[in-house]
Amino acid sequence: MVDLWSLGCVFGECLLKRPVLQGHCLVGQLEKIHAFVGTPSQEDLWFVTNKEALNFMMNVLPKKQGVDLKQKFPTASDQALSLLTGLLTFDPRKRLDANHAIDHPFLASVREVSHYEIDAGFTVHTDDIETMEITDSNVKQMMFQECMRYEKRMISVHHTPKPKSEPLIDDDDIKVFGRFYI
């Protein structure tokens, strides 16, 4: 599932014509988010595993109700504010996902179902990214592998398609081309 928090930030900037949550450091960013969405409940912070960060959010920051969106975005429609609220909900489990955001009434006039319900023909797997050790070398290798997969997909789209059983990229490709880029 793709998290749409950043899309909510961009949408808010489009509505406001300036940055909505512009922080200059980690603490400043958390303060801006906290002031905007209000104090989250303990339940909404289920995903925060760092005890110091959890304590900061629950006990250090002053309790806030969040901004009055109608006042902050006076020219925005109720549907636009509803979409913004759904995208900038603190708890990721309660935040709008891509399917619900696309189906939101605010986007009804531009939504063309036939265009977004087409199978992409490939699946992005993120398990390896979530479990790998984050080192410069590992990140470079993952980026290179993804670029090679993308390049192979583009070649197959514009030239003779490969059979689905044949991998888009194999280990030999990575070894040969990888030494030039990694």
Side-chain angles (χ1 to χ4, degrees), residues 1-111 116 124-147 149-150 181-182:
M1 180 180 352
V2 177
D3 184 26
L4 299 182
W5 176 270
S6 58
L7 180 64
C9 292
V10 171
F11 183 52
E13 290 179 16
C14 290
L15 295 173
L16 197 57
K17 309 286 192 271
R18 67 176 191 272
V20 176
L21 299 171
Q22 187 174 11
H24 299 287
C25 64
L26 178 62
V27 171
Q29 190 68 52
L30 287 174
E31 289 171 339
K32 295 280 187 176
I33 292 168
H34 181 260
F36 188 84
V37 300
T39 302
S41 69
Q42 185 84 26
E43 180 183 294
D44 287 343
L45 294 171
W46 62 270
F47 61 95
V48 179
T49 57
N50 181 298
K51 290 180 182 177
E52 292 176 10
L54 186 60
N55 181 57
F56 179 76
M57 291 298 292
M58 294 304 299
N59 301 315
V60 175
L61 289 174
K63 303 294 182 219
K64 299 266 185 172
Q65 291 297 317
V67 299
D68 177 348
L69 293 180
K70 283 212 175 266
Q71 184 178 6
K72 180 95 174 163
F73 302 91
T75 60
S77 70
D78 289 342
Q79 288 182 342
L81 296 180
S82 170
L83 178 59
L84 183 65
T85 299
L87 294 171
L88 294 181
T89 298
F90 199 87
D91 184 344
R93 294 179 302 193
K94 298 175 183 174
R95 193 174 304 142
L96 286 178
D97 61 20
N99 288 331
H100 289 98
I102 289 170
D103 287 336
H104 193 279
F106 179 75
L107 299 173
S109 65
V110 294
R111 181 176 41 250
Y116 71 84
V124 176
H125 299 284
T126 59
D127 293 343
D128 49 352
I129 296 168
E130 296 295 329
T131 59
M132 78 174 195
E133 180 183 359
I134 305 297
T135 65
D136 285 349
S137 177
N138 284 351
V139 171
K140 286 178 183 178
Q141 183 71 20
M142 293 294 293
M143 290 173 65
F144 173 75
Q145 289 172 352
E146 186 57 33
C147 289
R149 284 186 198 101
Y150 178 78
Y181 298 102
I182 298 177

**Message:** I'd like to know if the side chain of Gln29 reaches the main chain of Gln22, judged simply by a donor and an acceptor atom lying under 3.5 Å from each other, with no hydrogens or angles considered.
**Reply:** no
**Message:** Is it true that, when you exclude Lys94 itself, more than 12 heavy atoms of the residues, nucleotides or ligands shown sit nearer than 6.0 Å to its NZ?
**Reply:** yes
**Item:** Criterion side chain to side chain contact (heavy atoms under 4.5 Å, CB included) on Glu13 and Arg18, from CA distance to verdict
**Value:** CA-CA 5 Å; Glu13 290 179 16; Arg18 67 176 191 272; over 6 Å; no
**Asked** With a 4.0 Å cut-off, would you call Glu31 and Lys64 a salt bridge?
**Response** no
**Heavy-atom check, side chain of Leu81 versus side chain of Phe106, under 4.5 Å** = no
**Asked** Would Phe11 and Phe73 satisfy ring pair (Phe, Tyr, Trp, His ring centres under 6.0 Å), going step by step from the backbone distance to the final call?
**Response** CA-CA 11 Å; Phe11 183 52; Phe73 302 91; 8.5 Å; no
**Asked** Is Trp46 close to Arg93 at the side-chain level, that is, under 4.5 Å between some pair of heavy atoms?
**Response** yes
**Asked** Do His100 and Asp103 meet the criterion of a side-chain donor-acceptor pair at a distance under 3.5 Å?
**Response** no
**Asked** Is Thr89 close to Leu96 at the side-chain level, that is, under 4.5 Å between some pair of heavy atoms?
**Response** no
**Prompt:** Taking only residues two or more places apart in sequence or in another chain, which ones pass side-chain hydrogen bond (donor to acceptor under 3.5 Å, both in side chains) with Ser82?
**Reply:** His104
**Request:** Without swapping roles, check the side chain of Lys70 against the backbone of Ser77 for a donor-acceptor pair under 3.5 Å.
**Result:** no
**Asked** Quick check, are the ring centers of Phe36 and Phe90 under 6.0 angstrom apart?
**Response** no
**Message:** With side chain to side chain contact (heavy atoms under 4.5 Å, CB included) as the criterion, how do Leu30 and Phe56 come out once you've worked through the C-alpha distance, each side chain's angles and the decisive distance to 0.1 Å?
**Reply:** CA-CA 9 Å; Leu30 287 174; Phe56 179 76; 4.1 Å; yes
